[in-house]
Amino acid sequence: MNVLFLDQTGQLGGAELSLLDLSQSFSKGSSVALFQDGPFRERLEEAGVRVEVIHNSVQPSTKDSGILKGMLSFFSAFPLIRQISKRAKSYDCLYANTQKAFIFGAVASLISRRPIVYHLRDILSTDYLSQTNLSVVTWFANRCATIVIANSEATEKAFIKAGGNAQKVKVVYKGFNPNDYTRNDQSRKILREQLGVSDRFVIGQFSRLSPWKGQHILLEALKSTSDSTVALFVGAALFGEDEYASQLEQQVQVLGLGDRVKFLGFRSDVAELMQACDAIAHTSVTPEPFGRVIVEAMFSRRPVIATAAGGAIELIEPDKTGWLTEPGNAEDLTKAIHSIQQDAMVSDSIVQAAYAQAFDRFHIDSTNRQIAMILNTIESTP
Ligand code: UDP
Ligand code: GLC
């Protein structure tokens, strides 16, 4: 089956990294269309996936955009919709990987008479979206999507609660290749030396810098840990959150944590960096739709602390495969860090159990098989 994948951004967020894996498992006749150029295009090309950037003249609409602004943005999208529909005719199916890609793809699917799959990677709630946007997305999903693939039960539930058709949605967890996360003591040692943290207890936080990802909570928690505990922040402000990035720098100064915090910016060597850490903290303050970083930490055999909300609850069983803390609660996070530091034996057995679970539940082969099966049912639907 030849699939035209659609994604609205050229940046490398989790949704895009997931599509990078998925698109490689498809036939050579499939390709990816992006509404914006960026490093995502380069990574797809390197992986041998056909990709093109479709010019985007859409007026940006934000969470607070009113109906009028939303309509204007919709009309300005016509050239984009026309380009998608024209291309769609050479494919069997459209596959939208992000919200905006789905809305425009849905209209294009009506024009080109091609089915559209919506891979839903966002929690559709007013925490993230205006009520108008919520209604628009669910309206299009109910009418146009052949199937909605949710990346977690949390995402599925929010879709149904927002008015989405429960019959259309199916949960498929993101899969990973365990070989990407193999242990390497030598590279761990070298990296730790390069980062100047050889004799420290290193907590890694791997997320784009954004207020809802809660980097500020880890800084607050760090203040109450021993001086030998340091935090590495791996990730950049991908979607214009520069103000938050400077707030974090300021917070480091105010808390006097200058020598215990490193901001590494966006890195492509996440697996190696996770090896260099002693624990990994996920700190999102609003429910995480899935949270790739949590599973990556499990595959990396590192103790992982995550916030107890959204998809994270489905990934981690507290005290069995990791630690869960209350979102936004720095004190809770400090406690979890202490418990990892104090009992290496318990930590180690949790880490082993987490690896085994990740292998069972989040293997790339199983994800690709499930998605291929879903697409086969579409192919056979007249
Ligand atoms: N990541 C990366 N480089 C960085 C920071 C993060 O490659 O500098 C990766 C991280 O390993 C994970 C993804 O970006 O695979 C983020 O996905 P997640 O689902 O955790 O969050 P999202 O950004 O999609 O909300
Ligand atoms: C989105 C979500 C993230 C999820 C990723 C992959 O970017 O924010 O939680 O892991 O998609 O499905």
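For reference, positions follow the sequence shown, starting with 1. Side chains are part of it too, since the values below use all heavy atoms of this structure and drop only hydrogens, waters and symmetry mates. For ligands, and for the atoms within them, numbers begin at 1 and follow the listed sequence.
- Distance from atom 17 (O) of ligand 1 to its nearest protein heavy atom, with residue and atom name: G14 CA, 3.3 Å.
- In terms of protein heavy-atom proximity, atom 5 (C) of ligand 1 is nearest to V234 O, 3.4 Å.
- Among all non-hydrogen protein atoms, the one lying nearest atom 18 (P) of ligand 1 is R292 N, 3.6 Å.
- Annotation: S268 places no N or O atom under 3.5 Å from an N or O atom of ligand 1; distance criterion only.
- Of the heavy atoms in K213, only side-chain atoms (C-beta onward) come closer than 4.0 Å to ligand 1.
- Using a 4.0 Å cut-off between charged nitrogen and carboxylate oxygen, R188 and D278 count as a salt-bridge pair.
- The proximity of E296 to ligand 1, defined as any non-hydrogen pair under 4.0 Å, is limited to the side chain.
- Considering backbone and side-chain N/O of W212, none are found under 3.5 Å from N/O of ligand 2.
- Polar contact check, S207 against ligand 1: no nitrogen or oxygen pair lies under 3.5 Å apart.
- Atoms of ligand 2 found under 4.0 Å from any heavy atom of R292, numbered from 1 in the order shown, are 10 (O).
- In terms of protein heavy-atom proximity, atom 13 (C) of ligand 1 is nearest to L17 CD1, 3.6 Å.
- Of the candidates R121, H282, E16, it is R121 that places a heavy atom closest to atom 2 (C) of ligand 2.
- Polar contact check, W212 against ligand 1: no nitrogen or oxygen pair lies under 3.5 Å apart.
- Of all protein heavy atoms, the one closest to atom 3 (N) of ligand 1 is R267 O, 2.7 Å.
- Considering backbone and side-chain atoms together, E288 places an N or O closer than 3.5 Å to an N or O of ligand 2.
- Contact analysis puts S18 in contact with ligand 2, with a non-hydrogen atom separation below 4.0 angstrom.
- Within the structure, the closest approach of K174 to ligand 2 does not fall below 4.0 Å when heavy atoms are considered.
- Checked by distance only, ligand 1 and A236 stay at 3.5 Å or farther apart across all their nitrogen or oxygen atoms.
- Summarising the geometry of L324 relative to P318, their closest heavy-atom pair is CD1-CD, 3.8 Å, with the distance given to 0.1 Å.
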